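Following: one structure in structure tokens, then a few remarks.
Chain letters run A, B, ... following the sequence lines, proteins first, then strands; residues in each count from 1. Here the structure is a predicted model, which means the values were calculated and not measured.
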Amino acid sequence: MSDAVASPHHDAGRDREVPARVVVEAAISWFSRARRDLPWREDDASAWSILVSEVMLQQTPVVRVLPRWQEWMERWPTPADLADAATADVLRAWDRLGYPRRALRLQECARAIVAEHGGEVPRGEEALRSLPGIGEYTAAAVTAFAHHGRAVVVDTNIRRVLARARRGRALPDRSYSAAERALATAMLPADREESVAWNQSVMELGALVCTARAPRCEQCPLAEVGCTWYAAGRPAPEEDTRRRQPFEGTDRQLRGRIMALLREHGSAEPEQLAALDPADPARVVRCATSLLSDGLAVRDPQSVTSAQDTARTQDEQDLPALRLP
DNA sequence: AATTCGGGGCA
DNA sequence: TGCCCAGAATT
């Protein structure tokens, strides 16, 4: 950087910062021709169907959500439909989207909407936030995309785009920070309709172009217009010493295997459960207990293996037979 | 602020 | 194999 003037009273970098308006307009223009046709973006998509898509999309890629969402909306098109469903059917329909507690909460959400909001998805982020499984992001997303309201939507895509375009960083902060929220708030257009378009556009930009790995800067509408990170030569991220949680051999994986058993057969005997990890029976007990605690499984009183069966090993006696709730 | 909570596909 | 994905709830 060769700044002509560098004084304590003159921040050259800030002076050359591209106005937010320019970035907003470039993103919206790009979106109008590059947007994906996703079913929950159709004009006739209900607020409930959009809410369902947002919950399914929490930590789950679009391509994997698509088929599940289609089936789900055909089967349970309204909150009342899902509220009346058997929870076991809900968990089976969730299939392998992951984090099955989301399915449980989505049904709780449907029941709350029926009980407290007359079966209609409520308006307002505060009311949405009070629903099970709806956090800061989803409340804002439903407000913007279902109700076409002005809301500060910040997901992993938007965090990354703003980090690069406006902060000159390769990656967002490790956890959603006050600085990121302030930046997103400052970027949000005052006009309601434009704010909706911006939210959609910047999110899509992060998903399709400004990706986490191998960003496609050559086709980015912000590159030449004023992306701080691009202008700085795309500096590499700072060394991340954080170690991500492994998956192989974790409770998460074993819980997933137990849920897969329950989805397929409806129930599981202690022997079946123990066989999932013969080397560590205590882990199986721990995971079965946590699934019971989460309400993802219940004890199966119809089990053919009763608790007083003396043929069972000690570990198996600590394991209840499980079935879907 | 840090952890826990699935699962699959791709570099 | 490591990393990432339209986060929420709990501590």
Using 4.0 Å as the upper bound for N to carboxylate O, is an ion pair formed by A:R286 and A:D280?
->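 Result for this pair is no, no salt bridge flagged.
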Carboxylate-amine/guanidinium contact A:D277 A:R257, below 4.0 Å |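 Looking at A:D277 and A:R257, the cut-off is not met.
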Rounded distance in Å between the [atom1] positions of [N] and [M]:
| N | M | atom1 | result |
| --- | --- | --- | --- |
| C:dC4 | B:dG6 | C1' | 13 Å |
| C:dA6 | B:dA11 | P | 15 Å |
| C:dA8 | B:dG8 | P | 23 Å |
| B:dC5 | C:dC5 | C1' | 14 Å |

Considering every strand and a 4.0 Å limit on heavy-atom distances, what is the contact class for [X]: base, sugar-phosphate, or nothing?
| X | result |
| --- | --- |
| A:W94 | nothing |
| A:R96 | sugar-phosphate |
| A:A212 | sugar-phosphate |

Selection: residues 41-78 of chain A, any non-hydrogen atom under 4.0 Å of DNA chain B =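 Those residues are A:Q59, A:T60, A:P61, A:R64.
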Minimum-distance nucleotide to A:P100 side chain [options: C:dA6, B:dG6, C:dA8] =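 Of the candidates, B:dG6 comes closest.
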Side chain of A:Y137: nearest nucleotide among C:dG7, C:dC3, B:dC5?
->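 Nearest listed nucleotide: C:dG7.
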Please give me every residue in [range] whose heavy atoms get under 4.0 Å of an atom in DNA chain C, ordered by residue number.
| range | answer |
| --- | --- |
| residues 144-170 of chain A | A:D155, A:T156, A:N157, A:R160 |
| residues 126-136 of chain A | A:P132, A:G133, A:I134, A:G135, A:E136 |
| residues 286-297 of chain A | none |

Return the value, rounded to whole Å, for the distance between atom [atom1] of [X] and atom [atom2] of [N].
| X | N | atom1 | atom2 | result |
| --- | --- | --- | --- | --- |
| A:R213 | C:dT1 | CZ | C1' | 12 Å |
| A:R36 | C:dA6 | CZ | C1' | 9 Å |
| A:L97 | B:dG8 | CG | P | 10 Å |
| A:R216 | B:dA11 | CZ | C1' | 12 Å |
| A:E204 | C:dA6 | CD | P | 10 Å |
| A:I258 | B:dG7 | CD1 | P | 11 Å |
| A:R255 | B:dT4 | CZ | C1' | 9 Å |
| A:Q107 | C:dA8 | CD | C1' | 18 Å |

Does the side chain of [Y] come within less than 4.5 Å of [X]'s, by heavy atoms?
| X | Y | answer |
| --- | --- | --- |
| A:R102 | A:W94 | yes |
| A:D294 | A:R255 | yes |
| A:R166 | A:V161 | no |

Assess the side chains of A:R68 and A:T60: does a donor N or O sit below 3.5 Å from an acceptor N or O?
->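 A:R68 vs A:T60: no donor-acceptor pair found between side chains.
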Taking atom types as modelled and ignoring hydrogens, do the side chains of A:Y137 and A:E54 form a donor-acceptor contact shorter than 3.5 angstrom?
->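 There is such a pair between these side chains.
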Could you list all the side chain to side chain donor-acceptor pair (under 3.5 Å) pairs where at least one residue sits in residues 74-85 of chain A, not counting sequence neighbours?
->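 Only A:T78-A:D81 qualify under side chain to side chain donor-acceptor pair (under 3.5 Å).
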Residue pairs, two or more places apart or on separate chains, that pass salt bridge (Lys or Arg N to Asp or Glu O under 4.0 Å) and touch residues 26-36 of chain A =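 Checked against salt bridge (Lys or Arg N to Asp or Glu O under 4.0 Å) - neighbours excluded - the pairs reaching residues 26-36 of chain A are A:R36-A:E204.
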Whichever of A:R257 and A:A214 has its nearest DNA chain B nucleotide further upstream toward 5' |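 By nearest-heavy-atom nucleotide position, the 5'-most residue is A:R257.
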Passing option when A:W40 is tested against A:V52, A:V62, A:L51 for side chain to side chain contact (heavy atoms under 4.5 Å, CB included) =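 Looking at A:V52, A:V62, A:L51, the match for A:W40 under the side chain to side chain contact (heavy atoms under 4.5 Å, CB included) is A:V62.
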So if you build clusters from Ile, Leu, Val, Met, Phe, Trp, Tyr with side-chain heavy-atom gaps below 4.5 Å, do A:V196 and A:M203 land together?
->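 Different clusters.
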Decide yes or no on side-chain contact (heavy atoms from CB on, under 4.5 Å) for A:V90 and A:W72, but give the supporting numbers first.
-> CA-CA 9 Å; A:V90 172; A:W72 195 281; 3.5 Å; yes
Polar side-chain atom of A:R159 near backbone of A:E180 as donor-acceptor pair, under 3.5 Å =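 Checked: no pair found.
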Sub-3.5 Å donor-acceptor pair from the side chain of A:W229 to the main-chain atoms of A:G233, do we have one?
->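 Absent.
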Using the side-chain contact (heavy atoms from CB on, under 4.5 Å) rule, take A:L91 and A:L104 through it: C-alpha gap first, then chi angles, then the decisive distance, then the call.
-> CA-CA 7 Å; A:L91 289 172; A:L104 234 41; 4.1 Å; yes
